[in-house]
Structures are given as structure tokens and as C-alpha cells.
Amino acid sequence: MVRRKNGSITVFLSLVGILVFAMLGTLVETARFIACENHAERTLRTSAEALLTEYSRPLYDNYGLFFMEDTGTSFATVISRYASDTFEASGRGTMDFLEGQIQQIAVTDKIYLGDDKAAPLQKEIYEKMLRTLTKKQLKQFLKKSSSVTDTDKEAADIEDTVKEEKEMAKLDKELLELMKLIDGVTVSGGKIKVDNCFAKMFVTGGKKSQDFGITETKVWKKMKPKLKDTPIHLDKTKQSVFLSQIKSVISLTKQAMTHSDYLKMEYKRIGGTNKKYAEHDKKIGNLIQSFSVLNGNLSILNESKKILEQEWTEEGKAQLEELWKNYDTSSISFDYTGVGEEGGADNPVDILGNAWGNGILHLVCNEEGKISNSIVKNPDNYAQLYKDEEKTENDCSSRVKDFTEKETVKLSGVVKDVGSYAMDEFCLDSYIQERFSSYVEKLPGWKKALQYQWEYIVAGKDSDKANLESILNRILMIRTVLNFASIYKDSGKKSQAYAAAAAVVGFTGMEPLIRLTQTLILIVWSMVEGLVDVAGLLQERDVPIIKSPKKIVTTFPEIFQISRTAITARAKKLKKATKKSFGYQEYLQLFLVMTKQSTRLYRTMDLIQWDMVKNGYTNFQLGRCVYAIEVEGKFSFPAKFFRFPAVEKMLNRKISAYPAQCKIRAGYL
């Protein structure tokens with residue numbers, strides 16, 4: 001018979017109870033630890049978001065933007081303070097399951113306002129403006145501006161026309177130079193002028209027009225008094241005087257030979273390429289053959305020079321008399337047909353050049369003295385910092401000057417394709433127009449470093465005057481192209497320009513040069529009308545994007561009247577603008593569209609920075625403003641149930657605390 005030991009059941013039950021208790025403790029502790037991890041992450045997030053409430057208030061009040069300045073106490077320290085309040089509050093009970101300690105809080109990343117081509121700034125603006133803007137408004141703007149954006153092809157066509165006409169007029173321009181060198185003749189404004197020294201200035205026989213190849217009486221009357229009869233009156237001539245004259249004529253003859261060689265080369269290249277100038281080219285071909293006499297004349301001049309450089313003798317005089325019998329002044333005969341027939345005319349291109357001296361502001365602004373003189377330092381500051389400067393391809397400031405001085409026609413490249421213009425950019429440009437001022441849109445209150453802020457965002461120059469001038473020059477180029485299309489359709493206006501061109505050139509026989517001059521005059525006409533348009537836009541008048549020929553305000557005589565008084569007076573003839581008008585603001589918005597998006601954002605940053613400083617926030621740095629942060633936290637939570645001796649003994653280890661680690665991202669959107 002087996003005897004039962006006392007207490008065996010009690011021991012067994014105790015062991016079972018401990019196991020059950022350990023298992024329950026493990027389950028509870030595991031669940032508690034998960035809750036602690038969630039508590040740590042939640043605390044870290046709310047603490048980081050609490051930090052975000054410390055955004056720049058003046059930045060929000062004036063620009064509606066939420067960004068936080070990265071200055072003063074470190075972000076990690078502030079977040080730790082907010083988090084410790086939560087942890088301390090949770091540890092005030094006798095048995096707080098969420099009790100823990102902060103081991104470390106670190107801000108591992110900061111996203112600044114200007115990062116990634118100012119994408120954070122763009123995102124905030126987009127979300128803000130999207131509440132009030134629709135895609136329908138975007139489509140309406142694009143439709144309204146399509147007539148302007150299509151002008152680049154027309155501009156290129158005008159440039160090609162001028163280029164082609166310049167090519168054909170090369171022969172005539174060389175002829176004009178040869179006329180000056182050989183006959184001494186220049187024609188300006190219908191007036192004939194003959195130089196004191198020219199290749200054919202020596203008289204070797206009689207003083208008759210046919211002996212000098214001159215068929216026009218007006219030209220002969222001007223040339224005859226300038227002729228020198230030295231070779232036939234050697235006895236009455238000083239040796240030194242004749243020698244000096246010959247040296248001058250040798251130089252002119254050599255120049256004439258160089259130009260005649262160039263004319264021959266160009267004639268071979270382009271002569272006969274345009275059938276409508278066949279008769280003109282034939283005349284030049286015949287004239288070119290006559291230039292061979294220059295070689296013989298140069299030989300006579302050189303021989304005469306040698307004789308005259310020696311002692312003056314009768315034998316020398318006899319040699320000179322014999323030499324000069326073969327000097328040819330009649331073979332080269334230029335066609336002076338039509339010279340001075342129009343009674344003289346100033347070149348409108350020159351008139352425009354003279355009027356343009358002080359720039360466009362001097363011509364289109366009623367009160368130029370009231371234009372803002374504000375200047376800033378370091379334009380495009382943020383673009384330079386982020387190495388994202390835009391090339392100034394659309395700077396039109398020198399185009400009119402190049403046109404008037406060099407006949408260089410550059411009208412294209414002012415507008416760009418806006419097919420890729422999307423809603424985010426539309427929101428940005430609408431924000432710019434809402435929050436910033438322009439020449440025609442003033443905003444009260446907040447002081448501004450620059451008054452014409454839209455203009456700065458487009459042009460990026462250091463002063464209001466320079467930015468306004470840049471915008472007006474761009475508008476002028478667009479208006480010139482649109483006006484040219486209207487004027488060119490009017491046969492009456494073309495006829496007026498042709499007659500003026502013939503008078504400017506001076507010779508009806510130079511058809512290619514007349515055609516080129518006609519086109520240049522039509523461009524001047526279009527530019528002067530463009531100046532009236534620009535003045536009208538500044539006066540808030542209705543300037544149709546596309547005009548019919550009858551809507552052209554400037555008459556032909558008025559293209560010679562280029563002054564502020566005349567331009568602004570003509571602009572007043574235009575009707576007042578309506579809601580449907582495409583005005584100065586619309587042109588500006590179109591130029592915003594054509595400016596690189598990152599450039600617009602960086603220049604917006606420049607304006608905000610300058611204005612914050614101007615309004616007393618001297619230490620403000622927009623580039624140091626933070627949009628979002630990444631925060632990492634390390635925490636420790638003491639063990640509750642695993643700290644019983646029986647459980648520790650069973651687990652064979654001491655567990656005093658559990659580590660927890662989490663990472664969160666917090667930002668304004």
C-alpha cells in the first residue's frame with residue numbers, strides 16, 4: 001500500500017497558478033508595450049505638430065502662407081518639451097500603464113521653403129488658390145490669349161522677309177558705296193551731295209557730263225564744281241598739291257576696286273535668283289564690266305605719283321601729259337534715274353532712332369516723373385542661391401536700337417508656347433496677382449521694396465523703372481508684329497510706304513533696295529502704332545489684340561511725329577477698356593506664364609524677403625523657413641508585470657524596461 005505525501009496537490013496547484021499568472025502577465029505586458037509604442041508615436045506626432053503652430057505670423061497675415069522660421073531654440077528641444085509634458089502627466093498615478101521616459105528626440109530632416117525648386121511654396125499656394133479657381137477659368141484665359149501667343153510665327157515671317165530683301169539689296173548697297181567712291185555722290189533725304197575728293201574728280205579733256213558718265217542734270221550740277229583740271233593745267237599747278245590729290249585718289253580707287261570685286265562676287269552668287277529683278281540685275285552685270293577701267297586708272301595714278309615725287313622738270317610734265325591722255329572717266333556710268341524726284345524725304349527709321357534715345361518710358365508714360373524709383377540689391381537672389389537663374393532670352397531692351405542703327409529686325413522669341421500651362425501654374429500666377437502689386441494694380445498698407453512686383457517676377461531687374469521698361473518693350477514687340485499684319489493688308493498704306501522708300505533711297509532704278517526700305521518703313525509704322533498701343537494700355541484703354549487696317553490710329557505723316565505728347569494724345573483716341581479687353585494686366589499674366597515656374601517662385605521669395613525686412617522684420621530669412629520636418633524619438637517604458645520575482649525566476653532574466661523607437665513626418669500639408 002502506497003502512502004500519499006502531504007501537500008502534493010497544493011504544490012501542484014501553486015506551480016500551475018504561477019504558470020498561468022506568468023502567461024497572463026506576458027500577454028498583458030505585451031499588449032501594454034504595444035500601447036506604449038503607440039503612445040510614444042502619438043506623443044511625438046502631437047508634439048511636432050504643436051511645434052508647427054509656432055509659424056511666422058506676419059508671413060501668414062500678409063501672404064497667407066504657413067511656414068516656420070528655423071531660428072532660436074532648436075526644434076528638437078521644443079518638441080522634447082511638448083512631449084515631456086505628456087509623459088510626465090501620464091506618470092502621476094500609482095499604476096500608470098503608459099508611464100515612460102524620453103531617451104532622445106532628434107530632427108533628422110528639414111524641408112525648407114525653397115527646396116526642390118521651391119516645390120513646398122508651390123504646393124502651399126496651389127492648395128490655397130485651388131479653393132477659388134477652376135479649370136474653366138484657366139481655359140478661358142488660354143483662349144483669350146491665344147491670338148497673342150500665335151504671333152511668333154508671324155514675327156519669324158517678318159524676319160525672313162527682311163533677311164531675303166537684305167540679301168537682294170546687297171548689290172544696291174554696294175552700288176551706293178561705289179557711287180560715293182567713284183563719283184563722290186551720296187543722296188540723303190532727297191538731297192544730292194558730292195564729296196571734295198573722289199576717283200573721277202580729275203578733268204582730262206572738257207568739262208562735259210558725258211565725259212564723266214553722268215546722265216542726270218541734278219547730279220552733274222553738284223559734281224561739276226568739285227572737278228579738278230590739274231592734269232591739263234600742269235604749268236599752273238603746284239607739284240605738292242597735285243601729288244597730294246593723286247595720293248588721295250589712289251586710296252579711293254583702291255577702295256573702289258575692293259568694293260567692285262565684292263560686287264562681282266555677290267552678283268555671281270545672287271544675281272538672277274529673283275526673276276522680278278531680272279532687268280535690274282542685267283544693268284548691274286553691264287556696269288560690273290566697266291569697272292575694269294579702274295585698273296588702268298590706278299596704273300596711271302601710280303606712275304604719276306612716282307614722277308611727282310621726283311624733281312619737277314619739263315620732261316616730267318611731258319610724261320604726265322602723255323599718261324593722262326588715257327585716264328578714263330566716262331566708261332563707268334551709274335544710273336541716277338529718279339534722284340531727288342520726290343523732293344527729298346527723311347528716313348522714318350532714323351526718326352525713330354532719334355526719338356528712342358531715352359527709351360520707351362519717355363514716349364508712352366503720361367507722367368514719367370511719377371514712375372517709382374525703387375531699387376533693390378541682389379535681384380534674383382534666391383535663384384542664384386539655388387543655382388537656377390533663367391537666361392534673359394526675352395530681354396527686348398536693345399531690339400529697337402539694333403533696328404534703327406543696324407537694320408536688324410528681331411521680333412520673334414517674345415512669346416512662347418503655353419500648351420503645357422497647367423492648373424498648378426495658373427494657381428501660382430493668380431496668387432501673384434492677388435498678393436502683389438503692379439504698375440496698374442496698387443495694394444495699400446504693407447510697405448514694399450519694389451512697387452511693380454509682377455513686373456519684377458517677369459523681368460528680374462533691380463529697379464521698378466528697369467522692370468517696367470522691360471515689360472513695355474516686350475509688349476511693343478508683340479504689338480509691332482500684330483500691327484504689321486494689319487498695315488501690310490492695306491494696299492494704300494503699302495503704296496505710301498513704297499513712295500517714301502523710293503524717296504529715301506533716291507534712285508528709282510534700285511528696286512531691291514526700295515523694297516527693303518519699304519518693309520523697314522512698314523515696320524517703323526507698326527512700331528509707332530505699337531507705341532500708341534502701349535500708351536493706351538497704360539491709360540487703361542481698349543487695344544484690340546488684332547486690328548483691322550481701319551483701326552490703325554497712326555497715319556503715315558504721323559510716323560514722323562514720335563514724341564510723348566504725340567503718342568499719348570493718339571492713345572486717348574482709343575475707347576476705355578472693358579472687362580472683355582486684353583489689357584496691361586493680361587499681357588503681364590501672359591508673360592508670367594512664359595517665365596519658368598521655378599523662376600517665378602524664387603522671385604516671389606525675393607519679394608517676400610525684401611518686404612518683410614522693409615516692414616521691420618530685419619532678421620527674417622525666408623530661405624530658413626521650414627515646411628516639413630522628420631522627427632525620430634527614442635523612449636523607454638518600465639516593465640510592470642515581468643518584475644515579479646516568481647516571473648523573473650521562471651523567465652530566468654530580469655526585465656526592467658522596454659525600449660521604443662519611432663519616426664514621424666510633420667508638415668503644413
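The residues of the chain are indexed from 1 along the displayed sequence.
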Legend entry - Pairwise side-chain contact, K228 with Q245, heavy-atom cut-off 4.5 Å (strictly under): yes

Inset, instruction - Could you tell me whether D157 and K153 have a side-chain N and a carboxylate O separated by less than 4.0 Å? - result: yes

Inset, instruction - May I have all residue pairs that pass salt bridge (charged side-chain N to carboxylate O under 4.0 Å, His left out) and include part of residues 280-299, sequence neighbours excluded? - result: K283-D335

Inset, instruction - Hey, could you give me the CD1/NZ distance between I214 and K208, rounded to the nearest 0.5 Å? - result: 16.0 Å

Inset, instruction - Hey, could you give me the CG/CD1 distance between L301 and I250, rounded to the nearest 0.5 Å? - result: 5.0 Å

Inset, instruction - With I307 as reference, evaluate I246, T313, L320 under the side-chain contact (heavy atoms from CB on, under 4.5 Å) test and give the passing residue. - result: L320

Legend entry - Straight-line distance of C365 SG to K370 NZ, nearest 0.5 Å: 12.5 Å

Legend entry - N-O pairing of K180 and D195 below 4.0 Å: yes

Inset, instruction - Apply side chain to side chain contact (heavy atoms under 4.5 Å, CB included) to the pair I562 and L363, showing each step before the final yes or no. - result: CA-CA 8 Å; I562 308 174; L363 295 173; 4.3 Å; yes

Inset, instruction - Report yes if the side chains of D490 and I487 come closer than 4.5 Å at any heavy-atom pair, otherwise no. - result: no

Inset, instruction - Using a 4.5 Å cut-off on heavy atoms from C-beta on, say whether the side chain of L352 contacts that of F403. - result: yes

Inset, instruction - Verify, without hydrogens or angle tests, whether S304 (side chain) and I300 (backbone) share a donor-acceptor contact under 3.5 angstrom. - result: yes

Legend entry - Derivation and outcome, salt bridge (charged side-chain N to carboxylate O under 4.0 Å, His left out), residues E309 and K305: CA-CA 6 Å; E309 286 175 338; K305 177 173 171 288; 2.9 Å; yes

Legend entry - Derivation and outcome, side chain to side chain contact (heavy atoms under 4.5 Å, CB included), residues K551 and S486: CA-CA 9 Å; K551 291 285 185 180; S486 299; over 6 Å; no

Inset, instruction - Decide yes or no on salt bridge (charged side-chain N to carboxylate O under 4.0 Å, His left out) for E266 and R269, but give the supporting numbers first. - result: CA-CA 5 Å; E266 288 299 301; R269 186 174 66 85; 2.6 Å; yes

Contacts under 3.5 angstrom, residues 494-505 side chains, donor-acceptor by atom type, not counting sequence neighbours:
unit_1: S495; atom_1: OG; unit_2: S491; atom_2: O; d: 3.0
unit_1: Y498; atom_1: OH; unit_2: E511; atom_2: OE1; d: 2.7
unit_1: Y498; atom_1: OH; unit_2: E511; atom_2: OE2; d: 3.2

Legend entry - Salt bridge flag under 4.0 Å for residues E407 and K173: yes

Legend entry - Pair V187-M179, side chain to side chain contact (heavy atoms under 4.5 Å, CB included): steps then yes or no: CA-CA 10 Å; V187 178; M179 286 177 180; over 6 Å; no

Legend entry - Evaluation steps, salt bridge (charged side-chain N to carboxylate O under 4.0 Å, His left out), between R474 and E455: CA-CA 11 Å; R474 287 181 69 173; E455 288 85 346; over 6 Å; no

Scan the side chains in residues 520-545 for donor-acceptor partners under 3.5 Å anywhere in the protein, sequence neighbours excluded, and list what turns up.
unit_1: W525; atom_1: NE1; unit_2: T554; atom_2: O; d: 2.9
unit_1: S526; atom_1: OG; unit_2: F484; atom_2: N; d: 3.3
unit_1: S526; atom_1: OG; unit_2: L522; atom_2: O; d: 2.8
unit_1: E529; atom_1: OE1; unit_2: V553; atom_2: N; d: 3.2
unit_1: E529; atom_1: OE1; unit_2: T554; atom_2: N; d: 2.8
unit_1: E529; atom_1: OE1; unit_2: T554; atom_2: OG1; d: 2.7
unit_1: E529; atom_1: OE2; unit_2: K547; atom_2: NZ; d: 2.6
unit_1: E529; atom_1: OE2; unit_2: V553; atom_2: N; d: 2.9
unit_1: D533; atom_1: OD1; unit_2: K547; atom_2: NZ; d: 2.5
unit_1: D533; atom_1: OD2; unit_2: R479; atom_2: NE; d: 3.0
unit_1: D533; atom_1: OD2; unit_2: R479; atom_2: NH2; d: 3.4
unit_1: D533; atom_1: OD2; unit_2: N483; atom_2: ND2; d: 3.0
unit_1: D533; atom_1: OD2; unit_2: K547; atom_2: NZ; d: 3.3
unit_1: Q539; atom_1: OE1; unit_2: R541; atom_2: NE; d: 2.8
unit_1: Q539; atom_1: NE2; unit_2: T568; atom_2: O; d: 3.4
unit_1: R541; atom_1: NH1; unit_2: L574; atom_2: O; d: 3.0
unit_1: D542; atom_1: OD1; unit_2: S581; atom_2: OG; d: 2.8

Inset, instruction - Could you tell me whether the side chain of Y452 reaches within less than 4.5 Å of the side chain of K465, counting heavy atoms only? - result: no

